[in-house]
Amino acid sequence: MKIKEELSKIVGEENVNCSMEERLKYSKDYSLTPPCVPEAVAYPKDANEVSEIVKWCNKNGIPIVPVSSKIHFYGATVPTLGGIVVDLSRMSKIHEIDTENRFVRFEPGVSWGVLVHELKKKGMRVIMPLTPPAERSPLTDCLEREIPTNVVYDYGEPMQSVEVVWPQGHIFRCGSASVEGFPNSKSRGVNPSGPGIDFYRFIQGAQGTFGIVTWMSMKIESIPKIDKVYFGPTKDLPYTIEFLYRILPRRIGQECLLLNNVSFSLILSERIPEDFENLRKELPPWTLILTISGLLRRPEEKIAYEEKFLNEVLRNEFPKMELKEVLGGFPNLGERMLKILREPYPAQKKHWKIALKGGCQSLFFITKPYKAPMFIDIVDSVAMKFEYPPSMIGKYIQPIEHNRACHVEFNFFFNPEDEEEKQTVKKIFLEASRIIMDNGGFFTRPYGDLSKIVYERAASYTMTLKRLKKIFDPNNIMNPGKLCF
């Protein structure tokens, strides 16, 4: 079968690449996922071309892996069973920025760098995860439920309406984008829900196994008028978490997160590894980062109210807790921290997760904040068992929705050319994951080998997913080998 010839009829000969050099670029990422080379790469320009590719692959039983970013950490885009990679980078339009309804509608090829830049012109911003690469797709991160650093808004869900190509080639719009006359309809597509079933949730965390999203509407917010950044150096993590239980449910703060000295020093380093060791020695074991912001209405009063509350809580209830605008030995860090939190990681720098050794395996899950120290002890213990120094593990705690829960993340850095080191990290990852699950850690986004463990423990959930997969994708062409398929 002449794959290139057939795909060329759909997207044009210049938009199909079968060279080994190009195919190898899509065969692996920065995780421990084994590489696999696709047979071809196609670059569609719109939803109609995506639909035609899907229909043709369905007819011929050829796997499809959708890709919309250039940097991947979890193995979700590695073409495990070969097939065709559908690179959506040509679909790079921002269709609209609606400041009244506070949403932006854009295609998968739009990067974080472009989106943040264009929104800034309108005085708007998106609520971002921690340091997404500038070249990465915000649509991808939204679909993958990356956790935002901002805890004050009452949604962990920034996504609104979407357009998706289902596995049999049908083009479908979710929520109020499904009404007649869209995008000029009165509803404007701002509601992702219904009518009836919320299909937009069906494609989240699915790693492209249930469809290909061709545009998305995402919530946006105003850029604050005033910001203050506070740093809380700490050795006593449980005490600091108790402090967060006190302030975050009262809607104090915007961005709020905890970084250990490994992750924080890598994020701050201008040159890695040159700056890394010095920064790691100078930084405290953990640093709480908290911003308070004055928005469009009475910004000075809002800042004053939050500062007064914080001072009272620190003085009367948490006297051992330090919270200050300057972190010793790091001048102007507050201003720099705002850029780190609200702009993507610079494209000209190698991302901090891969800058140290070239590879990074991330282990992350959801838990109650007070349990986070227990899970840190578990991971440290497993790492020591396999002679991986706990002092070299990146650790990150992200409160969610006023500290109702938290995202806990561990980053294990490895040299992709060192097979022994890779195997060590894999053993730590799998053993720690099992123990974390046994102790109540909830893996909402399992990838790679971890997905097998998670779905084995959720038999009824797995059985239902497989039934749905047979209905939507009877030929199992959409990113096979992922999730439980």
Side-chain angles (χ1 to χ4, degrees), residues 7 10-11 15-17 22-23 25-31 33 38 40-54 57 63-80 83-95 104-118 126 128-129 132-146 158-167 171-174 200 202-218 344-345 347 351 445 447 477-479 482-483:
L7 290 175
I10 300 171
V11 299
N15 296 310
V16 181
N17 200 317
E22 191 69 13
R23 289 154 56 204
K25 295 177 183 177
Y26 296 87
S27 67
K28 60 183 179 179
D29 64 4
Y30 295 108
S31 72
T33 305
V41 184
Y43 305 87
K45 72 175 187 297
D46 56 30
N48 290 325
E49 289 189 353
V50 173
S51 174
E52 291 303 313
I53 293 172
V54 172
C57 288
I64 302 175
V65 179
V67 173
S68 55
S69 293
K70 291 181 172 61
I71 295 182
H72 304 276
F73 295 104
Y74 310 140
T77 61
V78 175
T80 307
I84 293 168
V85 166
V86 178
D87 187 323
L88 305 168
S89 58
R90 288 180 68 209
M91 300 173 62
S92 56
K93 296 176 184 174
I94 296 178
H95 289 288
V104 56
R105 186 163 67 91
F106 59 97
E107 294 180 338
V110 174
S111 67
W112 276 110
V114 170
L115 185 63
V116 169
H117 178 73
E118 293 302 314
V126 281
M128 298 173 61
E135 312 98 308
R136 190 165 164 83
S137 166
L139 183 146
T140 297
D141 282 343
C142 199
L143 284 176
E144 289 301 303
R145 298 196 296 252
E146 291 285 349
M159 191 166 82
Q160 297 191 304
S161 298
V162 300
E163 180 181 79
V164 58
V165 178
W166 292 128
I171 299 174
F172 181 83
R173 291 173 181 169
C174 299
Y200 78 101
F202 191 58
I203 52 179
Q204 289 182 318
Q207 300 177 38
T209 61
F210 277 99
I212 300 176
V213 175
T214 51
W215 59 250
M216 169 188 293
S217 293
M218 182 187 286
Y345 199 81
H351 195 270
R445 296 185 288 146
Y447 297 90
I477 64 162
M478 294 301 303
N479 209 1
K482 303 301 190 298
L483 300 185

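Hydrogens, waters and symmetry mates play no part in the numbers below; they use all other heavy atoms, side chains included.
One finds the CZ atom of Phe172 at 14.5 Å from the OG atom of Ser51 (value rounded to the nearest 0.5 Å). To the nearest 0.5 Å, atoms NE2 (His117) and OG (Ser111) are separated by 10.5 Å. Put simply, SG on Cys142 and CD on Gln160 are 9.5 Å apart, with the number rounded to the nearest 0.5 Å. Separation of atoms SG (Cys57) and CD1 (Ile64) is listed at 4.0 Å; rounding is to 0.5 Å.
Under the 3.5 Å distance criterion, the side-chain polar atoms of Arg90 are matched with a main-chain donor or acceptor of Tyr43. A distance-only check finds a donor-acceptor pair linking the side chain of Ser137 to the backbone of Pro108 [under 3.5 Å]. Under a 3.5 Å cut-off, the side chain of Glu49 and the backbone N or O of Lys45 do form a donor-acceptor pair. Looking only at distances, no side-chain donor or acceptor of Arg105 sits under 3.5 Å from a matching main-chain atom of His95.
Looking at Pro132 and Met128, their side chains come closer than 4.5 Å, going by heavy atoms from C-beta outward. For the pair Trp112 and Ser69, the minimum side-chain heavy-atom distance is 4.5 Å or more. Counting heavy atoms from C-beta on, the side chains of Asn15 and Pro44 never come closer than 4.5 Å. The shortest side-chain heavy-atom distance between Ile203 and Trp166 falls under the 4.5 Å cut-off. Two residues are said to be in side-chain contact when any heavy atoms from C-beta on lie closer than 4.5 Å; Thr214 and Asp46 fail this criterion. The closest side-chain heavy-atom distance from Met91 to Val50 is below 4.5 Å.
For the residue pair Asp87 / Tyr26, a side-chain donor-acceptor distance below 3.5 Å is found, with atom types taken as modelled. Judged by distance alone, the side chains of Lys482 and Thr80 do bring a donor and an acceptor atom under 3.5 Å apart. Side chains of Ser68 and Thr140: a donor-acceptor N/O pair is present below 3.5 angstrom, by distance only.
Minimum heavy-atom separation, Ile171 to Asn48: CD1-OD1, 3.5 Å. Taking all atoms of both residues into account, the shortest heavy-atom contact from Ser31 to Phe73 is CB-O, 3.0 Å. Nearest heavy atom pair, residue Ile212 against residue Pro66, reads CG1-CB, 3.9 Å.
Residues His351 and Tyr30 keep their aromatic ring centres 6.0 Å or farther apart.
The ring pair (Phe, Tyr, Trp, His ring centres under 6.0 Å) test applied to Phe210 returns Phe202, Phe485, not counting sequence neighbours. When the side-chain contact (heavy atoms from CB on, under 4.5 Å) test is applied to Tyr447, the partners found at least two apart in sequence or on another chain are Tyr74, Ala76, Glu144, Gln207, Phe364, Arg445.
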Handout entry: Test log, rule side-chain contact (heavy atoms from CB on, under 4.5 Å), inputs Ser217 and Met159
Key = CA-CA 6 Å; Ser217 293; Met159 191 166 82; over 6 Å; no
Practice task
Evaluate side-chain contact (heavy atoms from CB on, under 4.5 Å) for Leu139 paired with Leu88, printing each intermediate quantity in order.
Solution key: CA-CA 11 Å; Leu139 183 146; Leu88 305 168; over 6 Å; no
Handout entry: Lys93 and Glu107: CA distance, side-chain angles, deciding distance, salt bridge (Lys or Arg N to Asp or Glu O under 4.0 Å) verdict
Key = CA-CA 6 Å; Lys93 296 176 184 174; Glu107 294 180 338; 5.1 Å; no
Handout entry: Residue pair Ile84, Val41: steps toward the side-chain contact (heavy atoms from CB on, under 4.5 Å) verdict
Key = CA-CA 6 Å; Ile84 293 168; Val41 184; over 6 Å; no
Practice task
Could you check Arg136 against His72 for side-chain contact (heavy atoms from CB on, under 4.5 Å), going step by step and ending with a plain yes or no?
Solution key: CA-CA 8 Å; Arg136 190 165 164 83; His72 304 276; 3.6 Å; yes
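The one candidate from Ile53, Asn17, Val86 that meets the side-chain contact (heavy atoms from CB on, under 4.5 Å) condition with Leu7 is Ile53.
A salt bridge links Glu163 to Arg173: at least one charged side-chain nitrogen sits closer than 4.0 Å to a carboxylate oxygen.
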